[in-house]
Number of protein chains: 2
Amino acid sequence: MPRTPPQCPMDSILRLLMGPWTTHIIWVLSDQGPQRFGVLKRAVPGISTRMLTERLRMLQRAGVVWREQAETIPPAVTYGLTPRGNDLRGVLDAMGEIAERWKTEGVFEDDDLGGAASPNSRV
Amino acid sequence: MPRTPPQCPMDSILRLLMGPWTTHIIWVLSDQGPQRFGVLKRAVPGISTRMLTERLRMLQRAGVVWREQAETIPPAVTYGLTPRGNDLRGVLDAMGEIAERWKTEGVFEDDDLGGAASPNSRV
DNA sequence: TTTTATAGTTACTTTTTCGTCCCTACTTTA
DNA sequence: TAAAGTAGGGACGAAAAAGTAACTATAAAA
């Protein structure tokens, strides 16, 4: 992602939420409470192991989720939202509300939003 | 961006805001009022013509900005926020507030957020 | 007469992202 | 005895995203 000048703190937070799946993961954790890796993976259908791990690590670095590993023999790892993660829930809700309103207004009907629509999409 | 199931309206709105520069553009338009293309470009330093055009088109399709072209001979095009664009300002502000708080807490100190941090970043 | 400005479009190239596949080590189940 | 589940790590490669540069038209300014 190209750099909006980093002095904008909003940009950092957007790069955080922005990643693929990120909001979905936060949503599940916020809605269903702490979950183990496998459960989380099944709750976010379509995500790959690699992506889930990577997103969780990133959210962890940002202090948005915690990770707890039980050193049992098939290890059991649980993830949950930190208080800071709950801060985000507010923004997510606000955004969800607008999204809901826009949907009733039919904004997303012809949804080719965000897709770069660049002329060089190789097939 | 891989598909979170499209039934989630939030995802659409995120794909909207998420694009690079998008929030910056909305911010300028919201802060400085309607602007002509060239002015806008200079207000978002570092953005390429291609990106600016593409983002504006996308925001326009979403009904977030309007576009007004004066058919003068060097054409003069002006962009501004629609009411729907102003809806977004609220979310942006809420996010900005959290971002501000997190910044004082030093969350962004070692800012490698969002960057995939994948093992295969070729330099 | 050449340059400059406007608001882009198009082609080309590079960079980044993300999915897929294969590996771990140990235990429980079939 | 063989397979499956647990929580990933790492390599590879395809595809998408974004930067760069060159092009459009016309009129005014130098």
Side-chain angles (χ1 to χ4, degrees), chain A residues 1-4 11 14-16 18-22 24-25 34-60 65-80 112-123, chain B residues 1-4 14-22 24-25 34-60 65-80 112-123:
Chain A
M1 211 61 47
R3 355 237 116 258
T4 328
D11 206 62
L14 269 169
R15 282 219 300 288
L16 182 79
M18 228 169 73
W21 312 106
T22 311
H24 202 140
I25 294 169
Q35 302 287 334
R36 292 192 42 192
F37 186 90
V39 180
L40 204 46
K41 182 156 158 34
R42 282 185 289 275
V44 184
I47 198 173
S48 66
T49 309
R50 181 161 151 15
M51 257 299 110
L52 182 53
T53 315
E54 188 243 308
R55 294 282 96 185
L56 285 170
R57 292 271 184 281
M58 189 265 300
L59 292 170
Q60 202 188 338
V65 309
W66 48 260
R67 179 191 131 109
E68 191 185 61
Q69 174 161 15
E71 294 289 359
T72 55
I73 264 310
V77 182
T78 306
Y79 295 90
D112 54 348
L113 278 353
S118 43
N120 50 340
S121 304
R122 293 88 142 142
V123 171
Chain B
M1 211 61 47
R3 355 239 114 256
T4 329
L14 269 169
R15 283 219 299 287
L16 183 79
L17 289 178
M18 228 170 72
W21 313 107
T22 310
H24 201 141
I25 293 168
Q35 302 286 333
R36 291 191 43 192
F37 186 90
V39 180
L40 204 47
K41 183 156 157 34
R42 282 186 289 275
V44 184
I47 197 172
S48 66
T49 309
R50 181 161 154 9
M51 257 299 112
L52 183 53
T53 315
E54 188 244 309
R55 294 283 95 184
L56 284 170
R57 292 270 184 280
M58 189 267 298
L59 292 171
Q60 201 188 337
V65 309
W66 48 260
R67 181 192 130 108
E68 191 186 62
Q69 174 160 14
E71 293 290 359
T72 54
I73 264 312
V77 182
T78 305
Y79 295 90
D112 54 349
L113 278 354
S118 41
N120 49 343
S121 304
R122 295 89 143 136
V123 174

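Heavy atoms only: backbone and side chains are in, while hydrogens, waters and symmetry mates are out. Residue numbering restarts at 1 for every chain, and letters A, B, ... go by the order of the sequence lines.
Counting non-hydrogen atoms under 4.0 angstrom, T53(A) reaches the backbone sugars and phosphates but no base.
Considering only side-chain N and O atoms, R36(A) lies under 4.0 angstrom from the phosphate OP1 or OP2 of dA7(D). Distances shown here put every side-chain N or O of S48(A) at or beyond 4.0 Å from the OP1 or OP2 atom of dC18(C). Between R50(A) and the phosphate of dA7(D), there is no side-chain N or O to OP1/OP2 separation shorter than 4.0 Å. Phosphate contact (OP1/OP2 of dG8(D), side-chain N/O of R67(A), threshold under 4.0 Å): present. Between W21(B) and dG19(D) there is a side-chain polar atom (N or O) within less than 4.0 angstrom of OP1 or OP2.
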Each nucleotide N or O in nucleotides 26-30 of chain D that has a protein N or O under 3.5 Å away: list the pair and distance.
none

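When side chains are defined from C-beta on, L14(B) does not count as touching T22(A), because their heavy atoms never get closer than 4.5 Å. Proximity of M51(B) to W21(B): side-chain heavy atoms (C-beta onward) are separated by under 4.5 Å at one or more points. Counting only heavy atoms from C-beta outward, the side chains of T78(B) and F37(B) never approach each other to under 4.5 Å. For the pair I47(A) and I25(A), the minimum side-chain heavy-atom distance is below 4.5 Å.
Distance M58(A) CE to dC18(C) C1': 14 Å, rounded to the nearest Å. Remark: P of dT17(C) and CG of L52(A) are 18 Å apart, rounded to the nearest angstrom. Look at CD on E54(A): it is 9 Å from C1' on dC18(C), rounded to the nearest Å. Atom P of nucleotide dT6(D) and atom NZ of K41(A) are separated by 11 Å, given to the nearest angstrom. Look at CZ on F37(A): it is 19 Å from P on dT24(C), rounded to the nearest Å. The distance between atom CE of M51(A) and atom P of dG19(C), rounded to the nearest whole Å, is 6 Å. The nearest whole Å value for the distance from the CZ atom in R57(B) to the C1' atom in dT9(C) is 10 Å. Computed from coordinates, the Q35(A) CD to dT6(D) P distance equals 13 Å when rounded to whole Å.
Residues that satisfy the side-chain hydrogen bond (donor to acceptor under 3.5 Å, both in side chains) test with R67(B), not counting sequence neighbours, are Q69(B), Y79(B).
In this structure, K41(B) contributes its side chain and S48(B) its backbone to no donor-acceptor pair below 3.5 Å.
The two residues R55(B) and L16(B) make their nearest non-hydrogen contact at NH1-O, 4.4 Å.
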